[in-house]
Amino acid sequence: MAKNLLIVESPAKAKTIEGYLGKDFLVKSSYGHIRDLVKTDDAIDVDNGFKQKYEVPSDKKAVVSELKKLSKEAETVWLASDEDREGEAISWHLYETLGLKEDKTKRIVFHEITKPAILKAIEQPRGIDFNLVNAQQARRVLDRLVGFELSPVLWRKVKPSLSAGRVQSVAVRLIVEREREINRFQAEASFKIVAQFTTGKGKEQFKAELPQRFEKKEEAEKFLQDCIAAAFEISSLEKRPTKRNPAAPFTTSTLQQEASRKLGFSVARTMQVAQRLYEAGRITYMRTDSVNLSDTAIQAAEDEIVKAYGDKYHKMRRYKTKSAGAQEAHEAIRPTYFSQHSIDGDNAERRLYELIWKRAIASQMSEAEFEKTTAKIHVSTRSEELVATGEIMRFDGFLKVYIESTDDENDGAIDDEGGNALLPPLEKGQSLNLKALTATERFSRPPARYTEASLVKKLEELGIGRPSTYAPTISTIQNRGYVVKEDRDGKERQYKVLHIADGKVVEDTKTEITGAERSKMFPTDIGMLVNDFLVEHFNDIVDYHFTAKVEKEFDEIAQGDKEWTAMLNDFYGPFHDGIEDTLENADRATNERSLGTDPATGKPVSVRVGRFGPLVQIGSADDEEKPRFASLRKGQMIETITFDEAMDLFKLPKKVGEFEDKEMTVAIGRFGPYIRHASAFYSLPKGMDPMDVTEEEAIQIIKDKRQRDIEKVIRVFDENPDAQIENGRWGPFIRFGKQNLKIPKGTEVEKITYEDVLKWAAADPKASKAKAPAKKATAKKTTKAKAKK
DNA sequence: CAGTGAGCGAGCTTCCGCTTGACTT
C-alpha cells in the first residue's frame with residue numbers, strides 16, 4: 001500500500017501528477033467539492049452564527065467512501081486542492097468528511113502542473129488556512145441566503161419556479177438594460193465624404209476621406225459642388241512607424257470570446273471541446289482566470305518559436321491579469337506541448353486546439369512593425385482637407401501566427417473606409433486628379449446586443465461569476481426564460497448617395513438592411529418583468545457593483561482582518577428586512593399595458609404576460625361577450641408593440657380556401673408562417689407574406705411538400721407501412737410510427753429487416769419515456785392521498 | 001408549429017462554485 005495519498009480536484013490532473021511522483025504516492029481526485037449545504041431551508045441557522053448543515057450529495061458518496069478507505073491506509077494524506085478560496089474549502093471539507101488526523105495531514109499548493117513545482121510544494125507543506133475557509137463559507141452562505149430568500153418572493157409576486165441570485169440576476173439586468181438602450185436609440189444621419197484620386201503620371205489609384213462628416217445633405221452637396229472645379233494638392237506627408245503587440249494567452253473568458261467570434265462556438269460548446277482536449281492531455285486546465293505561463297512553458301514556447309520561425313520572432317513576455325476578481329490558481333490556457341502545432345481529433349477539437357496553440361505561441365513572439373503614411377490633401381475651394389492613410393507591414397512578428405479579432409459590430413453598413421493598404425509614391429506639393437467623389441449617408445449605430453461571449457466578458461469585467469460558472473450561468477438565464485438567444489431579421493432602410501457625374505452632383509437612393517441579428521441575447525417579457533421587480537425592491541443586490549463590494553469583504557476575511565459572521569450579520573439584517581417588507585407590502589408585479597380602443601367594437605386593447613406567454617387581449621373579463629386573445633410573435637415585446645401590430649395579430653389564422661374537400665388555413669407558429677390542412681402543417685417558403693397567400697399558392701405548397709416527403713423515403717417495410725427508412729438531415733433513419741430510430745453504426749441500410757426495427761424500437765429510450773407520464777401521474781396521486789390523510 | 005387564457009389550491013420550485021460523466025441530438 002502506498003505510504004502517501006495525495007488528493008487533487010481533477011482526475012486528469014491526478015493522472016499527470018502520479019507520473020511525476022513515483023510509487024510512494026497514490027494520487028486521487030475529489031472531483032471538485034465533496035460536500036454542500038443541504039438543499040432544504042434549514043441549511044443555515046441564521047440565529048446561531050450562520051451555522052451550516054452540510055451533506056455529501058448522492059453522486060459524491062462513492063468518491064468519499066473510496067477516499068475515506070484510502071486515507072485510513074495511508075501514512076500521510078496530502079491535500080492538494082487549488083490555491084484559492086474554493087480549493088482551501090475543499091481541503092477543509094475533505095479533512096472533516098474523511099475524518100483525517102492533524103498529525104498525518106499536510107496541505108500543499110502549486111499553480112502549475114510541472115514536476116519541479118510539485119516537488120517543491122511537497123517540501124513546503126502547511127496547515128489549512130482557516131481564514132480562507134471562512135471567506136469561502138461567507139461566500140457560500142451569502143449566495144444561499146440571497147438565492148433562497150429572493151426566489152420565493154418572485155414565486156409569490158410574479159410566477160412560480162422563477163429564480164434570482166447574485167450572479168444570474170445581474171446577467172439578466174445587463175441584457176434588459178441594453179435592450180432598452182437600443183429601443184431608446186435614435187439613429188442620426190450624417191454624410192461621409194470619400195474621394196478617389198490618381199497621381200499625375202501613373203494610373204495608381206488611392207482613396208482619401210474627409211475626417212469630419214456633414215450633418216445636412218445640402219452641406220455635403222455644396223462640398224461636392226465646390227470640388228468639381230477645384231485643384232487638389234498634397235499639403236503634408238507624414239511617415240510614422242507603429243507597432244502592435246500580441247494579446248495575452250487565453251483565460252476561460254477570452255477563449256470563449258475568441259471561439260465565439262472565430263469558430264462560432266457557444267460558450268458551452270467551447271467548454272465541452274476544451275474539456276476533451278484537457279482530458280486528452282493536449283492543453284492545460286481550461287477553467288482559469290490567469291494569463292500567467294509557467295517558466296517551463298515560457299522556455300518551451302521560446303524553443304519552438306526559434307526553431308519554427310527564427311530568433312528574431314521571439315520575445316519573452318510575462319502578462320499581468322487585468323481582472324479585479326482574479327484568483328489565479330492555475331496557469332493560462334496553453335498547449336501542453338508547444339511542438340504540437342496541430343493534433344488529431346474531430347473537427348471542433350482540431351480547430352479549438354489550433355486557436356489555443358496560436359494564441360499561446362503568439363504571446364511569446366515579437367511585435368509586428370508597420371509604417372503608417374498620412375497624406376493631407378488641400379482642396380483649393382475649401383478650407384477642409386482630405387486625408388489619405390496607408391499602412392504597410394515592415395515586419396510581421398506575432399502576426400505570422402495569430403490575428404486577434406474584435407467585437408466591432410457591423411449592422412450591414414457598406415464598408416467604405418478610406419484606408420489603403422498601400423499608398424503610391426507621393427510628394428509634398430504634388431497635384432492630384434480627382435477620379436471620383438461620393439457623399440454617402442451613414443447612420444450612428446445603437447449599442448450592440450450581447451452575444452453569450454460578450455456577456456461573459458462584461459460579467460468578468462464586473463468581477464461577477466467565475467470561470468467554472470460562466471457557461472452554466474448563460475444556460476440558467478435561458479432555461480428560466482429570462483432571455484433567449486435568437487436570430488432576428490433586420491429592416492430595410494434607405495440612404496442617399498451623392499456623386500459627381502458629367503460635372504454635376506447626382507443623387508441616388510439606395511437600400512440596406514439594418515438591425516439584423518444572429519445568435520444574440522434578447523430579454524423576454526418575463527425577464528424584463530422580473531428585472532424591474534428586483535431593481536425596484538432589491539436594488540442593492542442587483543447593483544452591478546454588489547459582487548465587487550462583497551468580494552472586498554471576503555478578501556478581508558481571507559486576510560484575517562474581518563470576522564465572517566460579523567460580515568454576514570451586517571448584510572443579512574437589512575436584506576431580510578427588505579424581504580419581509582416586500583412580501584407584505586409590494587403589489588404583484590405586472591407589465592400589463594393598455595394600447596387603446598378597438599375601433600370596430602369600442603373595447604379596450606391591452607397586452608400582458610399570460611399563463612402561456614405574452615398576449616394581446618381585446619375586451620375585458622367583465623364583459624358579457626368573452627374577450628379575444630392572441631399570442632405575441634417572435635421579436636414582439638409587451639414594452640414596444642404598437643397598437644397596429646397588436647391588431648394585426650387577430651387577422652390570423654385565416655382561411656385561404658379548400659383542397660381535397662378540407663379547409664386550408666394560414667397562421668404563424670413558433671417556426672414561422674405555415675399552412676394547416678387536414679391536421680398537417682406546411683411551412684411557407686421564406687419571404688412569402690402569410691397575409692397574401694392565395695388558394696392556388698397554398699395548394700402548390702402542399703403538393704411540393706408531399707413530393708419532397710416522397711423523395712425522402714428510401715424504403716417502406718412490407719410488414720408495416722408505418723415503418724420506413726428515410727433520408728434525414730444527418731443521414732438515413734427509421735421512422736416507426738411516431739418514433740424516430742437511429743440506425744446503429746456500421747449497419748448496411750439494405751440489410752435491415754423488420755425484426756431489426758422492432759428490436760430497436762423496443763430498445764429506444766423514447767419508448768419508455770412515453771410511459772413515464774403515466775408513472776408520474778400515479779406517483780402524484782399517492783402523494784395527494786397522503787396529504788389528505 | 002394550433003388553441004389555450006376561469007378558479008380552486010397541494011406540493012413543488014430556488015443560489016453559486018468546484019468537478020466529471022451519462023444522457024440526448
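Numbered from 1 within each chain, the chains take letters A, B, ... in sequence-line order. As the structure is a prediction and not an experimental result, all values here were calculated from the model.
Residue A:L162 is in sugar-phosphate contact alone, with no base atom involved, counting any heavy-atom pair closer than 4.0 Å across all strands shown. Within the 4.0 angstrom heavy-atom criterion, base atoms lie near A:G147. Contacts of A:P653 with the nucleic acid, taken as non-hydrogen atoms under 4.0 Å apart, involve only primed sugar atoms and P, OP1 or OP2. Within 4.0 Å of A:A89, counting heavy atoms only, lies no atom of the nucleic acid at all. A:P11 comes within 4.0 angstrom of the backbone, heavy atoms only, and of no base. Among the protein residues, A:Q168 comes within range of the sugar-phosphate backbone only, with heavy atoms under 4.0 Å from sugar or phosphate atoms but none that close to a base. As judged by a 4.0 angstrom heavy-atom cut-off over every strand, A:E279 is placed among residues touching the sugar-phosphate backbone only. The residue A:G87 sits apart from the nucleic acid: no heavy atom pair falls under 4.0 Å. Note on A:S30: nothing from the nucleic acid sits closer than 4.0 angstrom, heavy atoms only. Among the protein residues, A:Y278 comes within range of the sugar-phosphate backbone only, with heavy atoms under 4.0 Å from sugar or phosphate atoms but none that close to a base. Using a 4.0 Å heavy-atom criterion, one finds that A:V146 contacts no nucleic acid atom at all. Note on A:D36: a base of the nucleic acid sits closer than 4.0 angstrom, heavy atoms only. Nucleic acid contact for A:R144: base, since at least one base atom lies under 4.0 Å from a heavy atom of the residue.
Geometrically, A:R480 does not engage A:Y482 in a cation-pi contact defined by less than 6.0 Å to the ring centre and at most 45° from the axis.
Separation of the P atoms belonging to B:dT19 and B:dC23 is 23 Å when rounded to the nearest angstrom.
Using a 4.0 Å cut-off, some side-chain N or O of A:S163 falls inside it from OP1 or OP2 of B:dC15. For the pair A:R480 and B:dC15, the criterion of a side-chain N or O lying under 4.0 Å from OP1 or OP2 is met. OP1 and OP2 of B:dC16 both lie 4.0 Å or more from every side-chain N or O belonging to A:T469. Look at A:Y285 and you'll find a side-chain N or O under 4.0 angstrom from OP1 or OP2 of B:dT19. Checking the phosphate oxygens (OP1, OP2) of B:dC18, no side-chain nitrogen or oxygen of A:R287 falls inside 4.0 Å. For B:dT20, the OP1/OP2 oxygens have a side-chain nitrogen or oxygen of A:Q275 closer than 4.0 Å. The phosphate of B:dT20 (OP1 or OP2) has a side-chain N or O of A:S10 nearer than 4.0 angstrom. Between A:R166 and B:dG17, a side-chain N or O to OP1/OP2 separation shorter than 4.0 Å is present.
Using a 30° and 60° split on the angle between ring planes, A:Y285 and A:H330 fall in the tilted class, from 30° to 60°. The aromatic rings of A:Y682 and A:H677 are tilted relative to each other, their planes meeting at an angle between 30° and 60°. Ring pair A:Y54/A:H93 is perpendicular by interplanar angle, where above 60° counts as perpendicular and below 30° as parallel. The aromatic rings of A:Y572 and A:F50 sit perpendicular to each other, their planes meeting at more than 60°, with 30° as the lower class boundary.
Salt-bridge annotation for A:R276 and A:E349: present, with a side-chain N of the basic residue lying under 4.0 Å from a carboxylate O of the acidic one.
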